[in-house]
Peer 1: 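Below are the structure tokens for one structure; questions will follow.
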There are 2 protein chains.
Amino acid sequence: MVVEKASTPKNGRPRAVTLDAILDAATELADDQGLDAVSFRALADRLGVSPMAIHRTTGGVDALQHALVSRIVGEVTRSVDWPEDWRGIVRLFADTLHDLLMRHPVILEAHRRASLVGPGADDVAYRVVAALRGAGLDEEAAAYAYGTLHDFVTGHVAIRLGRGDLELHHLPPERRAASVFADHHDYDRRFSFGLDLVIGGIAAAAATPASHEEQR
Amino acid sequence: MVVEKASTPKNGRPRAVTLDAILDAATELADDQGLDAVSFRALADRLGVSPMAIHRTTGGVDALQHALVSRIVGEVTRSVDWPEDWRGIVRLFADTLHDLLMRHPVILEAHRRASLVGPGADDVAYRVVAALRGAGLDEEAAAYAYGTLHDFVTGHVAIRLGRGDLELHHLPPERRAASVFADHHDYDRRFSFGLDLVIGGIAAAAATPASHEEQR
DNA sequence: ACCTGAACACCGTTCAAGT
DNA sequence: ACCTGAACACCGTTCAAGT
């Protein structure tokens, strides 16, 4: 079986531009200047081809954004050395997703148009759900608890990247001085505290398995 | 003190377009067709003026988006009848924020450009933090627990609106059948479960106040 | 004071023409 | 097969001109 070089199509003439090269440039541009800066014309300038070569190779702007997100999310899966206790697994998952989103803000911008799906993301999800079952949650609770972690981490990074200050710093000065938020606006602390809170909730739910059915 | 009618400037000629009318049209357009559909030309067509009248009145596209978000978020504060127990207050806050974001998806699209600040949002935050202190959290913990709730609700709605299916449904068919996620993808359930989890975590943290300091 | 309309520099996409 | 360049229908913004 002959593996054909990606940059050499059948007629022998070297391809002017590859999808990988486009995605590299697009990732850099998007994380640096925002998704709006990723135009076919801007990419074409960088890569020394015409805008239409980009358009044809990517298959349009929607396909480009989908490929962009999909490739980055694939990073989550790479060579993760999982700990043994469920708390460690949950923490590693949350930290890894957190770092990935912080490193590539473009995902949060594009994730409404291109879903957050990567080729290996499923394995990570399975691993986390298995850990949650090991903690004592039943199948349904483990699946939804994974969802809670996902929602929390995503929401945290979205808000963290959305603005430099907390959402309450537009208070009038006299109230700002009295605000409990003025002294507590460290995002790393906010993230680790929230993660501890969720982990504590998981432990509590595991201790009393039917608690979420009882209280109505 | 004479209160001037907003639609009648000093020279007596009726104003062709008011900021409120623009924001009404923009909210409708954005929630219906997405933020990209909100162009000055589209708004001008709806309101029967020139695009430049919109531009001048709003102060540019950034100011328009900021005003849009700010006005909608102001809804959170209106006539909330708070319960007495801290769990009820936390639930009402989370549900209210959840419903607001679901009703106006434009906020999630625009919140990177225009911060999530409303004139009355601070009062709501104060109320929730006070409830969390009542539950037994110290000042710092209450402030960050409010952040956790905010992050979770925002992230949940962002993911919920971002795609109709869960993030794991692109599995190959044979694995999809075995997936724990296939049977558990109800977003209302996911939200209420997650909220219960966070509330359980808050209760656990309140029972052992220094727990987040001990484990390192 | 407020609005208009032309102009400018962008954008994604279609399509006929080149090699 | 792959790329190009012109054309088309958009976009926000600037600015001189109207009333």
Side-chain angles (χ1 to χ4, degrees), chain A residues 2-23 25-26 29-30 32-69 106 109-110 112-114, chain B residues 2-23 25-26 29-30 32-69 106 109-110 112-114:
Chain A
V2 178
V3 178
E4 208 162 24
K5 237 186 105 186
S7 57
T8 307
K10 283 178 186 168
N11 66 356
R13 191 147 39 89
R15 211 193 194 98
V17 62
T18 64
L19 184 57
D20 265 339
I22 294 173
L23 291 179
L29 251 172
D32 199 41
Q33 299 176 233
L35 195 57
D36 286 347
V38 184
S39 70
F40 289 157
R41 285 168 172 88
L43 290 172
D45 274 355
R46 285 203 170 201
L47 297 168
V49 292
S50 81
M52 281 316 299
I54 310 283
H55 187 274
R56 215 193 50 78
T57 308
T58 55
V61 65
D62 288 341
L64 187 158
Q65 291 186 3
H66 183 89
L68 196 63
V69 171
V106 61
E109 268 189 280
R112 288 211 57 184
R113 313 178 194 190
Chain B
V2 179
V3 177
E4 210 163 22
K5 238 185 106 185
S7 59
T8 307
K10 284 180 186 166
N11 65 358
R13 191 148 36 89
R15 209 192 196 100
V17 60
T18 64
L19 183 57
D20 265 339
I22 295 172
L23 292 178
L29 250 172
D32 199 41
Q33 297 176 235
L35 195 57
D36 287 347
V38 184
S39 70
F40 289 158
R41 285 168 173 87
L43 291 172
D45 274 355
R46 285 204 170 201
L47 298 168
V49 292
S50 82
M52 279 317 298
I54 310 284
H55 187 275
R56 214 194 50 79
T57 307
T58 55
V61 64
D62 289 340
L64 188 159
Q65 291 185 4
H66 182 89
L68 196 63
V69 171
V106 61
E109 268 188 281
R112 287 211 58 185
R113 314 179 193 190

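Each chain gets a letter, A, B and so on, in the order the sequences are listed, and its residues count up from 1. Hydrogens, waters and symmetry mates are skipped; everything else that's a heavy atom, side chains included, is used.
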Peer 1: Tell me the partner of D:dC11, counting only Watson-Crick (N1-N3 plus N6-O4 or O6-N4) or G-U wobble (N1-O2 and O6-N3) with both under 3.5 Å; none if nothing fits.
Peer 2: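 By the stated definition (distances under 3.5 Å), nothing pairs with D:dC11.
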
Peer 1: Distance from B:Leu35 atom CG to B:Leu68 atom CG, nearest 0.5 Å?
Peer 2: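 One finds 7.5 Å between CG of B:Leu35 and CG of B:Leu68.
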
Peer 1: So which atom in B:Ser50 and which in B:Ala44 form the shortest heavy-atom distance, rounded to 0.1 Å?
Peer 2: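 Looking at all heavy atoms of both residues, the closest pair is C-CB, 3.6 Å.
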
Peer 1: Can you see which heavy atom on A:Pro51 is nearest to which on A:Arg41, and at what distance?
Peer 2: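 Nearest pair, atom of A:Pro51 first, then A:Arg41: CG-CG, 3.8 Å.
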
Peer 1: Let me know the distance between CG of B:Leu47 and P of C:dT4, rounded to the nearest Å.
Peer 2: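 Rounded to the whole Å, the gap is 11 Å.
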
Peer 1: Please name the nucleotide paired to D:dA16 by Watson-Crick or G-U wobble geometry with both distances under 3.5 Å, or report none.
Peer 2: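 Looking at the geometry, D:dA16 pairs with C:dT4.
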
Peer 1: In whole angstrom, give the distance that lies between atom CG of A:Leu19 and atom P of D:dC3.
Peer 2: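 Those two atoms, CG and P, are 12 Å apart.
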
Peer 1: Sugar-phosphate atoms are those with a prime plus P, OP1 and OP2; base atoms are the rest. Using that split, label each nucleotide of nucleotides 11-16 of chain C B, S or - for protein heavy atoms under 4.0 Å, 5' to 3'.
Peer 2: BBBBB-

Peer 1: Distance check, rounded to the nearest 0.5 Å: B:Thr58 atom OG1 versus B:Gln65 atom CD?
Peer 2: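 B:Thr58 OG1 to B:Gln65 CD: 10.0 Å, rounded to 0.5 Å.
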
Peer 1: Nearest 0.5 Å please: distance from the CD1 atom of B:Ile22 over to the OG1 atom of B:Thr57.
Peer 2: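 OG1 of B:Thr57 is found 4.5 Å from CD1 of B:Ile22.
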
Peer 1: Nearest whole Å is fine: how far is C:dT19 C1' from A:Arg56 CZ?
Peer 2: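 So the two atoms are 14 Å apart, to the nearest Å.
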
Peer 1: Please find the pair of heavy atoms, one from A:Leu23 and one from A:Leu64, that lie closest to each other, and give the distance.
Peer 2: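 Of all heavy-atom pairs spanning A:Leu23 and A:Leu64, the closest is CD2-O, 4.2 Å.
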
